[in-house]
There are 2 protein chains.
Amino acid sequence: MKSTASTSDKILDIAQSLIVAGGYNGFSYADISDAIGIRKASIHHHFPAKAELVAVLVDRYTRQAAAGLQSLREQAASPADQLQFYIDYWRTCIENASQPFCVCAMLAGEMQMLPDEVASRVRAHFRNLAAWLTSVLQAGVEQGLFRLDKRPEEQAQMLMASVHGAMLSARALGDPGLFIAVVGPEIARLRTA
Amino acid sequence: MKSTASTSDKILDIAQSLIVAGGYNGFSYADISDAIGIRKASIHHHFPAKAELVAVLVDRYTRQAAAGLQSLREQAASPADQLQFYIDYWRTCIENASQPFCVCAMLAGEMQMLPDEVASRVRAHFRNLAAWLTSVLQAGVEQGLFRLDKRPEEQAQMLMASVHGAMLSARALGDPGLFIAVVGPEIARLRTA
DNA sequence: TGCCGCCTTCCTACTAGCAGGTAGACAAAA
DNA sequence: TTTTGTCTACCTGCTAGTAGGAAGGCGGCA
C-alpha cells in the first residue's frame, strides 16, 4: 500500500481505469482531475495532449505486460503452467472487478478513430501477445505437453481471440464466471494428457 | 438501390456505421447531420435524445439479426451449413469493410457507462445469439454432424467469444483475413467428419 | 372544386455545459 | 536561479438539447 506513486503515475492509473470502463472517448481530463484532486491544468503539465497521455499509457501497459509475460516464462515450470497463470491473472482481474478488461482490447475496438500514435502501440501489444502465446505453445509442443491442430501461430491467434471474446461476453452478460467457462476448456483442449 | 429509405432509417443507418467505427461516445448528432445533409434539430425531431436513438438502433439491429438467423435455420440445409453461412456473413462484412464489427460487440465494451435502456438491449442480443448458436449446435449433435467436448450452451459461448475476439484481432492488426483464420478452424473442429 | 386546420418534417437560431488546451502567477525544491 | 509542479482564470469549439417558425401533405367539408 505505498502512496509513493508519482503524480504522473496516478494520472496514468486513473486514466487506465477510465479507459477500461469507457474507451478513448469515454473519459476527459476533468474526470481524472476529479478522481485525484488536482486541477485540469496540472494534468496538462504532465501530459500536454490527450493523445500523448494515452500513448504513454499504452506504452507503459505494453511494457508491464511484456515484463509480466517474460517473468512468467522464466518462473513457471512448464508451458502449460505459463498458460494457466496467464488466464488466472485475467480471471482474478475480472472476478474482483479490479481491471475487468484489457486496455488494448478496449482501444482496439476504437482503432479506426484512434490517433496514429495510439493505434500503432495497440497494434504492437497485439503482436507481442500473439508472439508470446506462439512461443509458449511452441515450447509446449516440443515438450510433448500440447498437441495442436494447427500451426502454433494460428493456434495462438485463436487463443488470443478466445481470451478477448470471453472478456467481452463476461462484461456484456454481467457474468464474471463466463470468462473462465470459455477460456478454460479452450486451453484444456490443447493438452495431450 | 432503393433511395426510398425514410429519414429516420437513414439516421439509424449512419449512426450504426458511426457506432461500429467509434462506439457510443464516438459519434455526435453533428456527425449524422453532416453525413445525410439534414440539420441537427431535425434529428432531434426523430430521436429526441441520444440514448433513445441508440436504444432504437440496437432494437432494430437485434430484430434484424434474429430474423436473419431464424431464416438461416429455415433455409440452410444442415446445422453445419447454418454455422458456415453465419460466419461467411461476417467474413464478407469484414473483408469488404462494409460493417467490420458487430454493433453490440462494440457497445458491450462500453457496457459500464452505457445508459440502462441501451445496456439491457445489448445484453439481450448476446443472449439471443448464444441461444441461436446453442440450438444449432444441439441440432447438429442430434444429426450426428457435430461432436462437442462440452455441453451445447458452453460450446456456444466459446464459439461466440471466438467470433467476437476474431473481429477484434482482425481490426487491431488491420488484417481482415485473420477473422476467418481464427473462426474457421474453430468450427471445423466441431465437425465429426 | 376550393378552402380549412392539422400534422409532419424540416429549418434557423439559440442555450448551457463540457471538451481539450493555454497563459501566466506563485511556491518550493534543485 | 532555474526548474518543477501546481494553481486561477480563461479561450475556442463542440456537445446534447430547445424554441419557435415555415413549408408541405392530407382529410374533412362546403
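Residue numbers begin at 1 in each chain, while the letters A, B, ... track the order of the sequences. Since the model is a prediction, treat every value here as computed from it, not as a measurement.
- If you measure from atom CD1 of B:Ile36 to atom C1' of C:dC10, you get 12 Å, rounded to the nearest angstrom.
- Using a 3.5 Å distance cut-off with no hydrogens or angles, the side chains of A:Gln70 and A:Glu74 do pair a donor with an acceptor.
- Residues from residues 39-50 of chain B lying near DNA chain D, meaning a heavy-atom separation below 4.0 Å, are B:Lys40, B:Ala41, B:His44, B:Pro48, B:Ala49, B:Lys50 in numerical order.
- If you take CG of A:Asp34 and P of C:dG17, they are 16 Å apart, rounded to a whole angstrom.
- Two residues are said to be in side-chain contact when any heavy atoms from C-beta on lie closer than 4.5 Å; A:Leu145 and A:Arg191 fail this criterion.
- The footprint of chain B on DNA chain D, defined by a heavy-atom cutoff below 4.0 Å, extends from D:dT15 to D:dA19.
- Within 6.0 Å of CG in B:Asn96 there are more than 12 heavy atoms belonging to other residues, nucleotides or ligands.
- Scanning both residues, A:Tyr24 and A:Pro115, for their nearest heavy atoms gives OH-CG, 3.5 Å.
- Between the CG atom of B:Asn25 and the P atom of C:dC18 there is a distance of 15 Å, given to the nearest Å.
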Run the side chain to side chain contact (heavy atoms under 4.5 Å, CB included) test on B:Arg60 and B:Asp9 for me, step by step, so that the C-alpha distance in whole Å, both residues' side-chain angles and the decisive distance to 0.1 Å come before the verdict.
CA-CA 10 Å; B:Arg60 187 185 71 153; B:Asp9 278 341; 4.0 Å; yes

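- When the options A:Phe179, A:Trp90, A:Phe126 are evaluated for a ring-ring contact (aromatic ring centres under 6.0 Å, His included) with A:His164, the one that passes is A:Phe126.
- Between A:Ala172 and B:Ala108, the shortest heavy-atom contact is CB-CB, 3.7 Å.
- Residue-environment remark: CZ (A:Arg73) exceeds the threshold of 12 foreign heavy atoms within 6.0 Å.
- Residue A:Ile32 contributes atom CD1, which lies 11 Å from atom P of C:dA19 at whole-angstrom precision.
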